[in-house]
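Order of listing sets the numbers, starting from 1, for every ligand and every atom in it. Worth knowing before you read on, the calculation uses all heavy atoms, side chains too, and leaves out hydrogens, waters and symmetry mates. On a predicted model such as this, the values are computed, not experimentally measured, just so you know.
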Amino acid sequence: MSHKAISGFNLAGMEFKTIIEPFKIHSVAAIRMTTESERVQLIKDVGYNLFSLHSDDVLIDLLTDSGTGAMSRNQWAAIQRGDESYAGSPSWLHFKAAVQNLFPFEHIIPTHQGRAAEKILFTAIGGPGKIIPSNTHFDTTRANIEYSKAEAVDLVIAQGRDPSDTYPFKGNMDLVELESFINATGVENIPVVMMTITNNSGGGQPVSLENLRAVSAICKKYKIPFFLDACRFAENAWFIRERESGQSERDVVDIVREIASLADGMTMSAKKDPLGNIGGWLALNDNGLATICRNLLILTEGFPTYGGLAGRDLEALAVGLTEAVSHDYLKYRIQSTAYLGNALLELGIPVVQPIGGHAVYIDAKAFLSHIPPLEYPGQALAVALYEVGGIRGCEIGTVMFGRKPDGSEVPAAMELVRLAIPRRTYTQSHIDYVIEVCSEVANRASTLGGFKIISEPASLRHFTSEFARI
Ligand code: F0G
């Protein structure tokens with residue numbers, strides 16, 4: 001198989017096509033081998049829900065890139081420096097300085113992960129009658145908004161809803177729609193405008209600096225706070241450097257700081273680009289809102305100088321934040337994700353294009369077009385990838401988004417299966433194996449059938465629903 005599409009590694013002036021991981025392995029975790037017949041039984045035993053599998057029964061775990069990355073030896077060394085003082089720990093000061101180096105917001109409020117920051121923010125500013133627009137809200141963001149009885153609205157550009165469109169910034173907000181939304185809804189009902197960078201639920205697609213500047217200007221014009229959901233900020237900044245005119249000479253750190261300067265605050269899951277296994281924060285400039293949020297933090301997370309984290313976690317993140325913006329790392333990260341995506345395209349497997357930063361999204365609607373949306377083609381594909389090759393991906397389609405707050409079920413805009421790539425965890429041979437398994441699933445595509453849900457919880461149903469084959 002040829003992978004010329006991913007060439008471009010430039011070592012000592014020569015172009016080589018092999019992507020070398022810009023690290024060597026420091027500590028390993030064994031993978032337990034399983035057979036297809038074992039996996040057919042294992043997935044049946046858990047009601048065909050991939051979240052219910054034991055991870056020891058998974059060969060290549062692409063369920064998420066969240067908290068699943070490998071830490072560097074410098075991060076492990078920093079863990080030893082962790083100071084567990086309840087208040088005012090030096091580890092807190094290291095963490096705060098590392099965050100503010102990239103995101104110079106006035107108030108940094110540490111949380112145990114991203115959704116805790118969301119819960120605090122929307123408890124403070126959400127509530128009945130409020131409507132919160134974003135390019136596309138991630139599912140926990142949406143759930144926290146809806147839990148506060150506010151409404152979440154997605155205003156991504158039209159190209160962002162078309163898996164085969166190759167526009168370079170498919171995470172962009174539709175600016176015309178945003179302004180007409182603001183005029184129709186009334187400024188007083190919009191406590192914040194959010195932007196998810198990169199746009200995870202829309203295929204891991206980046207947002208351009210131009211679009212961020214424009215959204216920021218609209219928010220200033222209407223005096224509405226503008227917040228980033230910045231989990232994958234470094235990957236987004238790398239895409240800006242690679243794809244946006246006038247940006248190719250800039251340091252990623254400089255781009256990140258400009259992005260931060262456009263916003264009034266942010267939520268963060270430090271389990272993604274900051275290279276932590278746990279962590280997050282809420283950051284903002286508004287003093288009054290910060291006081292409300294810190295009081296909520298103390299109720300459920302912890303004292304303001306550690307939030308939901310141990311001192312050692314704060315140290316690991318302080319180091320991770322410096323590694324996340326390394327150009328060598330980001331170049332490898334983005335090219336190695338594209339390596340998988342382009343190989344699937346060469347096999348004729350439909351994937352969301354262009355290839356995103358942290359994951360490859362297979363378009364299950366196109367891949368398994370014989371399975372109707374309400375028979376969950378994404379789930380059918382995710383189950384097949386596990387049965388055939390022990391690969392665990394994640395359905396991002398009607399299972400995840402189909403149940404509406406009023407109880408009705410409607411097909412999601414896209415039926416995707418996300419193969420998320422944990423950071424610095426798998427090598428190219430693991431990915432070559434994933435490509436082979438996908439090829440085998442493609443051979444069997446016409447024989448795959450749909451699923452029905454036999455039990456489901458009140459919300460976030462993809463985590464715990466049980467399925468049966470139709
Ligand atoms: N926002 C985005 C864009 C996310 O992708 C996630 C998590 C969160 C917020 C919530 O952060 O997990 O630390 O509470 N995404 C993970 C994923 C779970 O698999 O994409 P968290």
Side-chain angles (χ1 to χ4, degrees), residues 50-51 55 58 61-69 109-122 132 134-147 152 154 156 160 170-171 173 192 194-207 227-236 239 259 263 265-283 297 300-301 307-309 313 316-317 320 324 337 352 356-361 378 382 392-397 399-401 416-423 425 459-460 462-464:
L50 290 114
F51 286 94
S55 62
V58 175
D61 204 347
L62 307 182
L63 184 67
T64 177
D65 64 321
S66 180
T68 52
I109 299 177
T111 59
H112 78 278
Q113 58 185 85
R115 66 198 70 183
E118 293 163 1
K119 174 81 164 82
I120 290 170
L121 179 65
F122 298 121
I132 297 166
S134 180
N135 47 353
T136 312
H137 291 285
F138 182 65
D139 58 352
T140 60
T141 322
R142 174 178 294 279
N144 273 303
I145 290 170
E146 289 172 355
Y147 189 76
D154 297 335
V156 74
K170 287 167 75 174
M173 184 88 86
V192 68
M194 301 279 302
M195 279 287 259
T196 313
I197 61 171
T198 57
N199 191 21
N200 186 10
S201 304
Q205 299 294 321
V207 179
F227 271 54
L228 304 163
D229 173 348
C231 305
R232 299 178 182 86
F233 70 95
E235 293 171 7
N236 200 107
F239 280 122
I259 293 172
M266 68 190 292
T267 57
M268 173 60 108
S269 168
K271 302 171 73 172
K272 282 83 172 177
D273 276 357
L275 294 164
N277 298 130
I278 195 71
W281 67 83
L282 170 64
L297 181 86
T300 57
E301 288 283 295
L309 295 168
D313 301 323
L317 292 173
T337 304
V352 174
H358 68 295
V360 172
Y361 294 70
R392 175 156 70 167
C394 182
E395 192 263 13
I396 301 194
V399 174
M400 191 179 274
F401 297 120
L416 305 176
V417 171
R418 185 184 71 171
L419 304 178
I421 318 289
R423 293 172 181 76
T425 302
S459 68
L460 295 174
H462 52 290
F463 288 129
T464 53

ask   = Going by distance alone, is a donor N or O of one side chain under 3.5 Å from an acceptor N or O of the other, for Glu301 and His112?
value = yes

query = Applying a 4.0 Å heavy-atom criterion (strictly less than), which segment of Arg418 is in contact with ligand 1: side chain, backbone, both, or neither?
reply = side chain

ask   = Is it true that a side-chain atom of Asn135 and a backbone atom of Val156 form a donor plus acceptor pair closer than 3.5 Å?
value = no

inquiry  = For the residue pair Thr198 / Gln205, report whether a side-chain donor-acceptor contact shorter than 3.5 Å exists.
reply    = no

query = Which heavy atom of the protein is the closest neighbour of atom 10 (C) of ligand 1, given with residue, atom name and distance?
reply = Thr140 OG1, 3.4 Å

Residue and atom name of the nearest protein heavy atom (relative to atom 5 (O) of ligand 1), distance in Å to one decimal = Asn200 ND2, 2.8 Å

query = Is the closest N or O pair between Arg115 and ligand 1 shorter than 3.5 Å?
reply = yes

key: Residue portion contacting ligand 1 (non-hydrogen atoms closer than 4.0 Å) for Lys271   = side chain

key: Thr136/Asp154 under side chain to side chain donor-acceptor pair (under 3.5 Å): CA gap, chis, key distance, verdict   = CA-CA 5 Å; Thr136 312; Asp154 297 335; 5.0 Å; no

ask   = Is the closest N or O pair between Ser269 and ligand 1 shorter than 3.5 Å?
value = yes

ask   = Can you tell me which residue and heavy atom of the protein come closest to atom 1 (N) of ligand 1, and the distance to 0.1 Å?
value = Asp229 OD2, 2.7 Å

ask   = If you draw a 6.0 Å radius around OH in Tyr147, do more than 12 non-hydrogen atoms from other residues or ligands fall strictly inside?
value = no

remark   = Of all protein heavy atoms, the one nearest atom 8 (C) of ligand 1 is Phe138 CD2, 3.4 Å

query = Do ligand 1 and Thr196 have nitrogen or oxygen atoms that lie under 3.5 Å from each other?
reply = no

query = So between Glu118, Arg232, His112, whose heavy atom ends up nearest atom 9 (C) of ligand 1?
reply = Glu118

ask   = Would Arg392 and Asp61 pass as an ion pair if we require N to O under 4.0 Å?
value = yes

inquiry  = Walk me through whether Phe239 and Val207 qualify under side chain to side chain contact (heavy atoms under 4.5 Å, CB included).
reply    = CA-CA 8 Å; Phe239 280 122; Val207 179; over 6 Å; no

message = Within the 3.5 Å criterion, strictly below it, is a donor on Arg418 or Asn200 matched to an acceptor on the partner's side chain?
response = yes

Ser269 side chain to Arg115 backbone, donor-acceptor under 3.5 Å = no

query = Quick one: which ligand 1 atoms are inside 4.0 Å of a heavy atom on Cys231?
reply = 1 (N), 2 (C), 3 (C), 4 (C), 9 (C)

note = Looking only at protein heavy atoms, what sits closest to atom 15 (N) of ligand 1 is Lys272 NZ, 3.0 Å

query = Just distances here: any N/O of Thr141 and N/O of ligand 1 closer than 3.5 Å?
reply = no

key: Distance from atom 21 (P) of ligand 1 to nearest protein heavy atom, with residue and atom   = Gln113 NE2, 3.4 Å

